[in-house]
Amino acid sequence: MVGNNYISLGRRWLLRAVAAVFGLVVFPGVLGATARAGTGALAAESSTSSALGWMHITDTYGVQLSNYLYATNHGSLLNPGDTAVSTVLGLEFAGWKIIVTTAIWLIGYALSFSWLQWFAKPLTGIAHSLSGQIATPIMLVTAAAIGAFFVAYFVVRGHYSKATLQVATMLAVAVIGPLYLAAPLADTFSSDGLLAQGRNLGISVAAGLDGQDTTDPTALVATMQGMLADDFARHPLQVWNFGHVIDNDAACRAAWSAGVAAGSETRVKNGLAGCGDSAAQASANNPSFDQIGTGLLILLLGALLLLFGAYLAIKIIKSALDTIYHGLLSIFGFAAGGFVYGVTQTFLVRNMVDGVVAAARMTIFTVFLGVYVLFLGDLFDMAGGEVMAVFVVGGIVEVIAISQLRRIGRSLEHGNEWLANKFALGIQGGAGSGTAGSGGGAALGMGAVGASHSLASNRLLVDLAAAGTFNNSPVTEWLFGTRTPLRKFARREKAASLGQWGFWGGEGVGGETGFYAQSYMNRRLFSTAARQAAERAGGVNTVRGAAAALTGLDDVGGKVSDAYAALTGAGFTNERVKLNAIRSWGIVEANSGTWTLGDKRLGRMVAAVQRAQDSSLRLVDGTGDPEEVAADLATLQAAAFSFQRANPGGVTLDAGAAFGPQRSFVTDYMTNPAATKIKQLQQVANGDLTAATGTLAGVDQLNAERMLQWIGNRHAELSLDSVDAALRNPSDPQRLRDVREIISAATDTDQWASGAKRTPWNSLAPPGANPVRPGWAAPHARVGRLLNR
């Protein structure tokens with residue numbers, strides 16, 4: 001608490017000294033000008049010029065603000081009305097001129113940092129004298145001895161980490177202290193020191209944000225001051241005096257500048273007559289109450305905007321003086337206090353942190369002020385001559401800026417205290433008040449600042465909790481007709497909920513067995529059928545199981561577009577197995593429609609064997625994929641199974657005799673198939689008994705029909721047996737040839753019986769007598785492993 005009292009006392013005296021200097025320099029002239037303002041417009045001009053001339057503020061046209069005048073008709077004894085109005089205008093003008101000029105000067109003066117030179121020499125001398133008086137050998141020895149006592153105390157009590165930290169802190173103070181005490185404020189006041197670099201950085205950042213040149217901060221400050229003079233003094237005065245901005249005309253601009261520089265109202269009026277602006281001349285010669293009202297509005301709005309800028313300028317000066325102040329107090333810490341454990345070490349740490357943070361605060365306020373000034377300048381440039389509109393918009397910007405400035409100030413203050421407390425806790429080994437030993441709480445000498453911030457945070461949490469309780473209350477829902485009305489999309493959510501309730505609340509729609517649930521029940525059907533079929537074939541995540549699962553999906557009406565979801569629902573997790581199976585099945589389904597056969601399942605089997613033949617040949621050529629061939633062969637097996645399942649057999653011929661005319665005919669046909677034979681049998685089955693000759697002699701229509709079915713069943717049986725044999729050993733090419741030969745024979749029977757004509761595209765070519773392609777066995781051996789694992 002002692003350290004806190006020293007800081008507060010020193011800060012108050014330093015700020016009082018600054019206020020006294022400011023009051024002695026500025027306010028006597030201001031008060032004198034105000035006292036003399038009532039003697040008329042000309043008197044006001046002369047008084048304010050004498051009071052404000054030392055500021056040397058000029059607009060971008062080189063005219064000093066101290067020479068500005070309000071050109072009007074001052075009336076006479078015969079025209080007392082104009083005399084009264086002009087007197088009021090003169091008083092308004094005097095006050096406006098003092099406020100605007102002082103504010104613009106203060107903003108530019110604060111950003112220029114010329115004031116820092118006033119403090120440099122005396123404060124540097126004070127710092128050297130103070131360092132020489134305090135940093136004596138006896139003081140250093142005494143402080144070091146006290147610090148060593150704490151080291152010994154910690155060792156005796158077994159706090160070795162604290163003893164180590166205390167030794168390290170004393171060594172750091174002993175090394176840094178002499179360097180700092182040799183020139184205590186040298187880095188603060190030097191041209192490349194903390195304050196100067198902070199100012200340059202702030203101006204450069206502000207200019208960069210506005211797109212201005214950042215290479216010369218000093219020149220940029222002068223430009224900003226001229227910009228303020230144009231926007232808040234020259235152009236508003238012209239609008240007030242003449243009803244519009246006359247600078248838009250080059251001749252009138254030059255005439256007004258020359259007249260004001262000469263301090264002659266008559267010359268200003270004559271210049272307006274010479275440049276042809278009759279409206280401005282008439283306004284100057286006829287003072288009115290409207291001009292009084294306009295002046296009040298310009299005085300109020302312009303003063304508000306400029307006073308905020310002046311407030312920021314004072315914040316910059318205050319932050320810089322805080323840095324200097326903490327630099328002076330750091331002398332005590334480096335001279336003695338930094339060696340002593342506890343409050344005095346915290347005093348040194350806090351002053352060092354406060355000094356750096358104050359410099360950072362000065363930089364941030366410089367950025368804020370620079371952006372504020374440049375932004376207002378951009379507004380005036382975009383508005384052209386609409387000065388009053390910018391004043392109104394600028395007021396809105398000022399309200400937002402004040403809010404943001406408060407937030408920045410609170411953040412900096414909290415961060416300053418938090419940082420100082422963390423450093424102090426670090427050198428004290430976390431032994432502050434609160435959670436000692438854990439690095440929490442407040443360090444010795446930090447006071448109750450941390451607690452105040454915690455209290456503020458708690459108040460914020462309480463407010464948020466209250467808002468949440470109000471938002472979630474059923475009473476609030478009854479009052480506002482909306483649940484949680486403080487949420488951003490509460491009303492949109494209400495509309496969406498009502499729309500959903502209207503649908504789900506319909507009779508029979510919702511629920512586990514409602515219409516909506518029923519519309520998705522086919523998904524469960526597809527997955528169940530696919531899983532059961534896969535388990536009967538090769539199992540889940542196997543190639544043959546995937547093909548069988550797709551057959552099961554087809555059995556219950558599923559399509560290729562449903563296949564991925566069905567396999568996933570059945571438990572398949574191998575993506576390549578799923579995709580290869582679906583792709584193979586989809587291609588076979590698409591191709592089977594081109595085979596003009598009487599039996600759709602036979603067409604699918606023909607398409608499947610053709611697909612398996614093609615992919616196998618690509619594999620032998622080195623352009624295929626074993627997984628693709630395995631999927632195609634599995635699809636062929638599933639197609640053959642489907643064909644055989646539709647033609648299962650069980651037809652008894654010759655009344656069960658081992659051999660007879662019926663069996664003789666069908667056996668001969670299967671061994672030596674011919675179109676004449678199948679057509680003769682078909683004629684008898686159709687009731688033409690005259691065709692029952694030769695081996696068909698004595699066969700009636702019923703038995704002929706049974707013989708036709710036996711032939712179809714036999715084709716299906718032979719097809720499935722040959723496909724199963726091929727899948728057991730895909731590396732044997734002859735087995736796939738046998739499959740093609742058997743399926744080709746079944747295709748012939750279908751075409752002969754249906755009377756379809758052969759074309760190059762609707763018939764499966766049987767295998768020829770060509771030699772087997774070399775290199776078949778090796779790649780297909782891997783296919784066999786994929787199929788049979």
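A quick note: this is a predicted structure, and the numbers were derived from the prediction, not measured.
With sequence neighbours excluded, no residue forms a salt bridge (Lys or Arg N to Asp or Glu O under 4.0 Å) with R737. The side-chain hydrogen bond (donor to acceptor under 3.5 Å, both in side chains) test applied to T676 returns no partner, not counting sequence neighbours. A search for side-chain hydrogen bond (donor to acceptor under 3.5 Å, both in side chains) contacts involving R611 returns E628, D632, not counting sequence neighbours. With sequence neighbours left out, R524 forms a salt bridge (Lys or Arg N to Asp or Glu O under 4.0 Å) with no residue at all. In this structure A725 satisfies the side-chain contact (heavy atoms from CB on, under 4.5 Å) test together with R728, R735, sequence neighbours excluded. Evaluation of the salt bridge (Lys or Arg N to Asp or Glu O under 4.0 Å) rule for D555 yields R645 as partners, not counting sequence neighbours. In this structure H715 satisfies the ring pair (Phe, Tyr, Trp, His ring centres under 6.0 Å) test with no other residue, sequence neighbours excluded. Taking A607 as the reference, V588, N591, S592, W595 meet the side-chain contact (heavy atoms from CB on, under 4.5 Å) condition, with sequence neighbours excluded. In this view, P779 and L619 satisfy the side-chain contact (heavy atoms from CB on, under 4.5 Å) rule, not counting sequence neighbours.
Contacts classified as side chain to side chain donor-acceptor pair (under 3.5 Å) and involving residues 557-573 (residues at least two apart or in different chains) are given here: R523-D562, N541-T573, Y564-E575, T568-K578. Pairs engaging residues 700-712 under the side chain to side chain donor-acceptor pair (under 3.5 Å) rule: D700-N703 [sequence neighbours left out]. The list of salt bridge (Lys or Arg N to Asp or Glu O under 4.0 Å) pairs with a residue in residues 654-670, not counting sequence neighbours, reads D668-K677.
Using a 4.5 Å heavy-atom threshold, the side chains of L553 and W585 count as separate. By the 4.5 Å heavy-atom criterion applied to side chains, F526 and L567 are not counted as neighbours. Between T695 and P661 there is no side-chain heavy-atom pair separated by less than 4.5 Å. Using a 4.5 Å heavy-atom cutoff, the side chains of P766 and R740 are not in contact. In this structure, the side chains of D721 and E717 come closer than 4.5 Å at one or more pairs of heavy atoms. In this structure, V783 and L633 have side chains that are in contact, with non-hydrogen atoms separated by less than 4.5 Å. Taking the side chain as every heavy atom from C-beta outward, T749 and Y669 approach each other to under 4.5 Å. A 4.5 Å side-chain heavy-atom check between I711 and I678 finds at least one atom pair inside the cut-off.
Of all heavy-atom pairs spanning G539 and F572, the tightest one is O-CZ, 4.2 Å. Looking at every heavy atom in both residues, L736 comes nearest to A726 through N-CB, 4.4 Å. Closest of all the heavy-atom pairs between L727 and Q637 is CD2-OE1, 3.3 Å. Annotation for G552 and A529: closest pair O-CB, 3.7 Å, computed over non-hydrogen atoms. Between L708 and A685 the shortest heavy-atom distance is CD1-CB, 3.7 Å. Nearest heavy-atom pair across G545 and A537 is CA-CB, 4.3 Å.
Distance OG/S584 to CG/L579: 12.5 Å, rounded to 0.5 Å.
In terms of modelled atom types and a separation under 3.5 Å, the side chain of D750 and the main chain of A746 share no donor-acceptor contact. Between the side chain of D688 and the backbone N or O of V684 there is no donor-acceptor pair closer than 3.5 Å. At distances below 3.5 Å, at least one donor-acceptor pair connects side-chain atoms of D599 with backbone N or O atoms of L602.
Counting heavy atoms of neighbouring residues, nucleotides and ligands inside a 6.0 Å radius, atom CZ of R531 exceeds 12 of them.
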- Checking side chain to side chain contact (heavy atoms under 4.5 Å, CB included) for the pair S719/Q644: CA distance, chi angles, key distance, verdict? CA-CA 8 Å; S719 297; Q644 192 274 335; over 6 Å; no
- Message: Apply side-chain hydrogen bond (donor to acceptor under 3.5 Å, both in side chains) to residues Q734 and D738 and explain how you reach the verdict.
- Response: CA-CA 6 Å; Q734 185 58 43; D738 294 342; 3.0 Å; yes
- Item | Test log, rule side chain to side chain contact (heavy atoms under 4.5 Å, CB included), inputs S615 and R618 | CA-CA 5 Å; S615 60; R618 286 197 302 272; 3.6 Å; yes
- Please test D621 against T623 for side-chain hydrogen bond (donor to acceptor under 3.5 Å, both in side chains), starting from the C-alpha separation and ending with a verdict. CA-CA 6 Å; D621 293 340; T623 60; 5.3 Å; no
- Before giving the answer on side chain to side chain contact (heavy atoms under 4.5 Å, CB included), spell out for H780 and N729 the whole-Å C-alpha distance, their side-chain angles and the decisive distance to 0.1 Å. CA-CA 9 Å; H780 282 81; N729 186 14; over 6 Å; no
- Worked check of side chain to side chain contact (heavy atoms under 4.5 Å, CB included) between F665 and L696: CA-CA 7 Å; F665 181 87; L696 284 179; 3.7 Å; yes
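Between D625 and R782 no salt bridge is recorded (no basic side-chain N to carboxylate O distance below 4.0 Å).
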